[in-house]
Undergrad: 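Here's a structure for you.
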Amino acid sequence: MILAFQTDLTGRIRQTVSEAFGVTLGEILVQTTPRLDLGDMALPLAFDLAKKIGRKPRDIAQELAPRLASVAGIARAEVAGGGFINLYLDRSAFTRRLASFVSAPPAPERRDGRVIVEHTSINPNKAAHIGHVRNSILGDTFVRLLQARGHEVLTQNYIDDTGVQVADVIVGFERLEKKSLADIRALDARFDYYCWDLYARVFEWYGEDRERKALQAATLHAIEKHEGPTAQLGEYVAARIVRAHIATMARLDIGYDLLVRESDILRQHFWAKAFELLKETKAIHFEEEGKAKGCWVLGMSGSEDGLDENKIIVRSNGTVTYTGKDIAYQLWKLGKLGLDFRYRRHEDSTPARPLWSSTSGAADEGAPHFGTGASLVFNVIDVGQSYPQRVVKAGVAAVAGPDAAEGTRHLGYEKVVLSKATAKELGYEVDEDAGVVKVSGRRGLGVKADDLIDALEAKAANEIATRDPERVAKDREKAARDIAVGALRYFMLRFSRNRIITFDMEEALAFTGETGPYIQNSVVRAKSILAKVSAEGHDLQALLRRAADKDLLGSWLATEEGSSAWSLFLAMARTEEAIETAVRTEEPSVMTRHAFQIAQAFHGYYQNPAHTVLRAETEDLRAVRVLVVDLFVRHTTDVAGLLGIPIPDRM
RNA sequence: GCGCCCCUAGCUCAAUUGGAUAGAGCAACAGACUACGAAUCUGUAGGUUGGAGGUUCGAAUCCUCCGGGGCGCACCA
């Protein structure tokens with residue numbers, strides 16, 4: 001609710017400054033003050049103005065402050081420091097505005113143009129691990145934030161079902177285990193876990209005899225040709241693993257609208273079309289000599305980032321590289337390819353969350369048209385892929401122009417490594433000199449996503465059992481699931497994207513301090529207060545109406561208790577701003593900190609025994625306290641929802 | 001060699017993108033349950049922001065140099 005307020009405010013400031021100094025201001029920065037007793041908002045604009053009109057910042061501030069004090073919603077304005085103008089809000093009016101906003105949040109204004117977010121995109125050859133979890137949680141949360149900003153979002157998960165990683169597992173099944181499709185179908189072990197081990201074994205097996213590595217290329221070729229038993233096997237294995245990944249991510253409340261399979265990109269001849277476009281626009285050229293003789297290369301020298309490099313797109317044997325396929329895919333996302341997939345409903349589609357898949361078979365009737373193009377595309381891919389992502393962007397720029405390239409965003413994030421302690425705990429051999437341990441799919445080294453979630457659930461169930469032994473098992477399990485999800489999502493989001501996360505089991509399992517469960521706990525407590533007040537015969541609605549009185553609120557907010565509540569109100573009002581910042585800076589961690597700050601403000605308020613609702617000295621006090629708790633519950637449930645953090649009934 | 005990222009309290013991270021006295025969590029220490037559930041709260045201690053220069057009203061943030069660590073620069077994906 002703060003954005004509309006600030007828009008009004010900056011409009012008035014612009015007008016006032018223009019009248020007083022005849023200067024038109026650009027962007028007007030509205031900041032927070034270091035401490036609440038210095039005011040609720042701070043304006044550093046006198047510093048900029050000082051340069052423009054050649055006067056001292058403090059003098060300018062002195063002159064402006066009294067004029068701003070008359071703006072609606074501002075109680076008073078003071079000059080502080082070298083020339084800050086600090087604004088004190090009309091707490092009563094602001095709180096009433098907040099209350100109506102929170103009890104009936106307006107739908108965000110719809111923005112033009114569709115946004116595509118691609119995330120997860122795990123190779124379909126083994127179980128998901130913690131690195132993938134970071135990707136998916138980051139992407140899913142960003143989707144939620146975009147939607148909260150009014151964007152229409154299409155969430156995609158790219159399935160590289162014709163890649164070498166799948167081929168490796170197929171080599172394992174065919175050569176190492178001598179299994180047929182029927183044998184594999186009959187496997188009733190956890191399939192993604194089975195393949196995790198098999199994949200590691202295949203690399204050991206390759207290592208024993210160099211000749212064996214040739215099987216990888218042959219198998220890949222068979223899969224790409226989409227003929228014969230090996231290709232059938234590849235299709236089956238990839239599809240089954242994808243379903244395992246979907247199930248894993250569903251535990252974290254992560255879903256998709258569309259799965260795009262690389263095999264369909266090949267069979268719909270997306271690349272052939274993209275190749276034409278790249279040639280037409282002279283984005284790529286044929287290399288007659290030198291290192292890349294006989295290849296089609298994309299020149300990067302003319303690109304904006306000034307890289308003086310060439311990237312091979314078509315090999316001398318005529319096959320296209322992954323980067324080339326990615327350019328085709330990216331052009332499709334932007335609606336610039338002129339081709340579309342056919343679509344079928346996926347097996348894991350539900351009425352609540354429809355899921356579609358690209359297909360080269362028959363299209364389902366009534367399937368949506370996903371290929372109409374997006375104005376903005378976010379690719380959630382680890383930061384190690386920055387270079388190929390830049391190449392893709394350069395290709396897009398050449399074919400579709402600078403706007404399309406600008407709409408192609410790499411939402412990069414650093415990797416997740418294991419702490420030494422956790423690696424040891426998992427039974428891996430650890431080099432004593434190493435500070436951390438890198439995960440390695442080839443060596444089967446890493447923490448599987450489902451194992452991690454299981455561990456979190458077990459720990460949460462344990463905690464509940466010690467605190468609340470009477471609790472029935474079913475109820476306990478549901479709460480444990482919610483807590484596990486809250487803990488994991490918060491943990492993966494609280495770091496900036498460019499931070500390497502050193503994953504430590506003990507740290508990830510923590511439920512105290514700056515964690516998801518801290519936020520969940522604050523809301524659960526608040527809800528239990530409301531339930532109790534209601535159970536004692538108080539009418540919550542009547543109390544809320546009573547609290548809405550302007551004078552009652554005004555005088556109470558001036559008290560010490562009111563100030564404590566005020567800091568909470570102000571924090572809640574800033575949610576809109578936090579969402580805007582998180583989306584603009586493409587940094588979801590902004591939101592976790594914001595949520596934590598709100599929860600912390602509430603804990604600070606309600607923990608004070610002098611602020612008890614049940615034993616309130618007067619009905620007026622009970623009324624305003626109910627207002628605090630009620631607003632907090634409603635609002636924080638929504639904020640947690642933006643982070644994908646569920647609120648259990650009890651915990 | 002070239003490019004990108006990181007270095008902030010003992011540890012893990014923030015700092016509204018150049019703003020006020022650099023803040024949180026964990027760990028440590030001292031307190032608070034006869035109080036709407038203590039997964040909580042209150043307090044104490046902890047800093048030459050890797051180092052040195054520079055830019056300006058103002059620098060953790062921008063520039064230059066140096067040091068330490070990580071990643072990328074495939075006819076792999």
Side-chain angles (χ1 to χ4, degrees), chain A residues 29-35 38 42 44 47 50-51 56-58 80-84 86 123 160 163-165 262 287 291-297 305-309 311-323 325-326 382-388 390 412 414-415 417 435-436 438 460 463-464 467-468 483 494-496 498-502 504 506-507 510-515 517-518 520-522 524-526 528-533 535-536 574 577-578 581 584-585 589-590 593 596-597 600 603-616 625 629 650-651:
Chain A
L29 206 55
V30 181
Q31 297 178 317
T32 58
T33 53
R35 294 189 321 273
L38 286 173
F47 296 107
K51 276 182 202 150
K56 286 186 180 159
R58 204 176 160 91
F84 287 97
N86 290 344
N123 277 307
D160 186 4
V164 282
Q165 304 225 27
E262 188 178 77
E287 206 65 57
K291 268 193 304 190
K293 185 178 174 185
C295 300
W296 286 88
V297 304
D305 52 30
L307 276 180
D308 191 20
E309 296 168 70
K311 168 72 189 166
I312 290 167
I313 301 297
V314 179
R315 304 180 186 103
S316 53
N317 67 7
T319 58
V320 60
T321 61
Y322 177 82
T323 310
K325 283 183 259 185
D326 214 13
D382 79 273
V383 83
Q385 312 272 345
S386 295
Y387 174 66
R390 285 213 310 271
E414 271 289 0
K415 57 185 170 295
V417 299
V436 296
K438 283 183 224 168
E463 290 282 326
I464 295 168
R467 285 160 211 273
D468 197 356
I483 293 165
R494 49 180 278 239
F495 307 94
S496 307
N498 59 3
R499 233 43 216 209
I500 295 171
I501 297 181
T502 302
D504 183 80
E506 204 180 323
E507 203 187 324
F511 291 162
T512 60
E514 200 198 322
T515 63
Y518 177 94
Q520 293 172 314
N521 183 46
S522 68
V524 167
R525 288 299 171 75
S528 118
I529 291 171
L530 294 179
K532 227 161 217 167
V533 171
E536 292 214 352
R574 290 199 219 273
E577 192 179 35
T581 304
R584 179 171 41 82
T585 62
S589 64
V590 167
R593 278 193 299 279
F596 178 70
Q597 206 192 328
Q600 202 176 30
H603 266 133
Y605 173 82
Y606 105 96
Q607 177 68 23
N608 190 330
H611 301 165
T612 169
V613 183
L614 275 179
R615 300 175 190 213
R625 287 171 187 172
V629 180
R650 281 161 66 199
M651 61 188 282

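To find a chain, count down the sequence lines: A is the first, B the second, and so on, and within it residues start at 1. Every heavy atom of this structure was used, including side-chain atoms; hydrogens, water molecules and symmetry mates were not.
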Undergrad: For A:Asp160, report the nucleic acid contact type (base, sugar-phosphate, nothing); a contact means any heavy atom under 4.0 Å.
TA: sugar-phosphate
Undergrad: Check the distance between B:A38's P and A:Asn608's CG and give it to me in whole angstrom.
TA: 13 Å
Undergrad: Tell me whether the side-chain N/O atoms of A:Arg525 come closer than 4.0 Å to OP1 or OP2 in B:A38.
TA: yes
Undergrad: Which is true for A:Gly82 with a 4.0 Å heavy-atom rule: it touches a base, it touches only sugar-phosphate, or it touches nothing?
TA: nothing
Undergrad: Identify, with sequence neighbours excluded, every residue that meets side chain to side chain contact (heavy atoms under 4.5 Å, CB included) alongside A:Ala292.
TA: A:Glu287, A:Cys295, A:Val297, A:Ile312
Undergrad: Once you round it to whole Å, what is the distance between P of B:C75 and CG of A:Asn317?
TA: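 After rounding, the reported distance stands at 12 Å.
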Undergrad: If the condition is ring pair (Phe, Tyr, Trp, His ring centres under 6.0 Å), which residues does A:Phe511 pass it with, not counting sequence neighbours?
TA: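 Expected list: none.
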Undergrad: Could you grab the distance from atom CD of A:Gln520 to atom CD1 of A:Ile483, nearest 0.5 Å is fine?
TA: 6.0 Å
Undergrad: Roughly, in whole Å, what's the span from CD in A:Gln597 to P in B:G25?
TA: 12 Å
Undergrad: Between B:C29 and B:U64, how far is it from one C1' atom to the other, in whole Å?
TA: 45 Å
Undergrad: Which residues pass the ring pair (Phe, Tyr, Trp, His ring centres under 6.0 Å) test with A:Phe84, sequence neighbours left out?
TA: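 Residues passing ring pair (Phe, Tyr, Trp, His ring centres under 6.0 Å) with A:Phe84: A:Phe47.
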Undergrad: Is there a donor and acceptor pair, one atom on the side chain of A:Ser316 and one on the base of B:C75, closer than 3.5 Å?
TA: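 It does, because a donor-acceptor pair links the side chain of A:Ser316 to the base of B:C75 below 3.5 Å.
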Undergrad: Where do N or O atoms of nucleotides 30-34 of chain B meet protein N or O atoms at under 3.5 Å, pair by pair?
TA:
none

Undergrad: Taking atom P of B:G37 as reference, at what distance in whole Å does atom CZ of A:Arg615 sit?
TA: 11 Å
Undergrad: Could you state the NZ-C1' distance from A:Lys325 to B:A77, rounded to the nearest angstrom?
TA: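 To the nearest whole Å, that distance equals 8 Å.
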Undergrad: Taking the side chain of A:Thr612 as heavy atoms from C-beta outward, which of B:G37, B:C41, B:C36 is closest to it?
TA: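 Selected nucleotide: B:C36.
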Undergrad: Under 4.0 Å, counting only non-hydrogen atoms across every strand here, what does A:Phe596 touch: a base, just sugar-phosphate, or nothing?
TA: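 Sugar-phosphate, backbone atoms only, no base.
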Undergrad: If you check every side-chain atom of A:Tyr322, which of B:A77, B:A74, B:G70 has the closest atom?
TA: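 Of B:A77, B:A74, B:G70, B:A77 is nearest to the side chain of A:Tyr322.
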Undergrad: What is the per-nucleotide protein-contact pattern of nucleotides 6-22 of chain B, from the 5' end, where B denotes a base atom under 4.0 Å from a protein heavy atom, S denotes such proximity for sugar-phosphate atoms only, and - denotes neither?
TA: SS----SSSSBB-BBB-
Undergrad: If the P atom of B:U61 is compared with that of B:A9, how far apart are they to the nearest Å?
TA: 15 Å
Undergrad: Suppose we screen for side chain to side chain contact (heavy atoms under 4.5 Å, CB included). Which residues come up paired with A:Glu536, at least two apart in sequence or across chains?
TA: A:His538, A:Leu614
Undergrad: Just to be sure I follow the notation: if a pair is Watson-Crick (purine N1 to pyrimidine N3 plus N6-O4 or O6-N4) or a G-U wobble (N1-O2 and O6-N3), each under 3.5 Å, what dot-bracket string does RNA chain B give, with | for pairs to another strand?
TA: (((((((..((((.....[...)))).(((((.......))))).....(((((..]....))))))))))))....
Undergrad: Does a nitrogen or oxygen in the side chain of A:Lys415 sit under 4.0 Å from OP1 or OP2 of B:C5?
TA: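 A:Lys415 to B:C5 OP1/OP2: no side-chain N or O under 4.0 Å.
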Undergrad: Please give the distance between the P atoms of B:U12 and B:G50 as a whole number of Å.
TA: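 That atom pair is separated by 14 Å.
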Undergrad: Measuring only the P atom in each nucleotide, how far is B:U16 from B:C7? A whole number of Å is fine.
TA: 14 Å
Undergrad: With rounding to whole Å, what would you report as the distance between B:A15 and B:A60 at their C1' atoms?
TA: 9 Å
Undergrad: Who pairs with A:Ser589 by side-chain hydrogen bond (donor to acceptor under 3.5 Å, both in side chains), at least two apart in sequence or on another chain?
TA: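 So A:Ser589 forms a side-chain hydrogen bond (donor to acceptor under 3.5 Å, both in side chains) with A:Glu587.
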Undergrad: Scan A:Phe511 against the nucleic acid and name what it touches under 4.0 Å (heavy atoms): base, sugar-phosphate only, or nothing.
TA: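 Base contact - A:Phe511 has a heavy atom under 4.0 Å of at least one base atom.
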Undergrad: Whole angstrom is fine here: how far is it from NZ in A:Lys532 over to P in B:A35?
TA: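 Result: 11 Å.
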Undergrad: Using the side-chain hydrogen bond (donor to acceptor under 3.5 Å, both in side chains) criterion, which residues pair with A:Arg499? Sequence neighbours excluded.
TA: none
Undergrad: For A:Asp504, what residues pass the side-chain hydrogen bond (donor to acceptor under 3.5 Å, both in side chains) criterion, not counting sequence neighbours?
TA: A:Ser419, A:Thr422
Undergrad: Take atom C1' in B:A39 and the same atom in B:G68, then report the distance between them in whole Å.
TA: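 It works out to 39 Å between them.
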Undergrad: List in chain and number order the residues that pass ring pair (Phe, Tyr, Trp, His ring centres under 6.0 Å) with A:His603, two or more places apart in sequence or in another chain; answer none if no residue qualifies.
TA: A:Tyr518, A:Tyr606
Undergrad: Would you say A:Thr319 and A:Asn317 are linked by a side-chain donor-acceptor pair, where the criterion is simply a distance under 3.5 Å?
TA: yes
Undergrad: Using the test salt bridge (Lys or Arg N to Asp or Glu O under 4.0 Å), find all partners of A:Lys325 that sit at least two apart in sequence or belong to another chain.
TA: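 By the salt bridge (Lys or Arg N to Asp or Glu O under 4.0 Å) rule, A:Lys325 matches A:Glu262.
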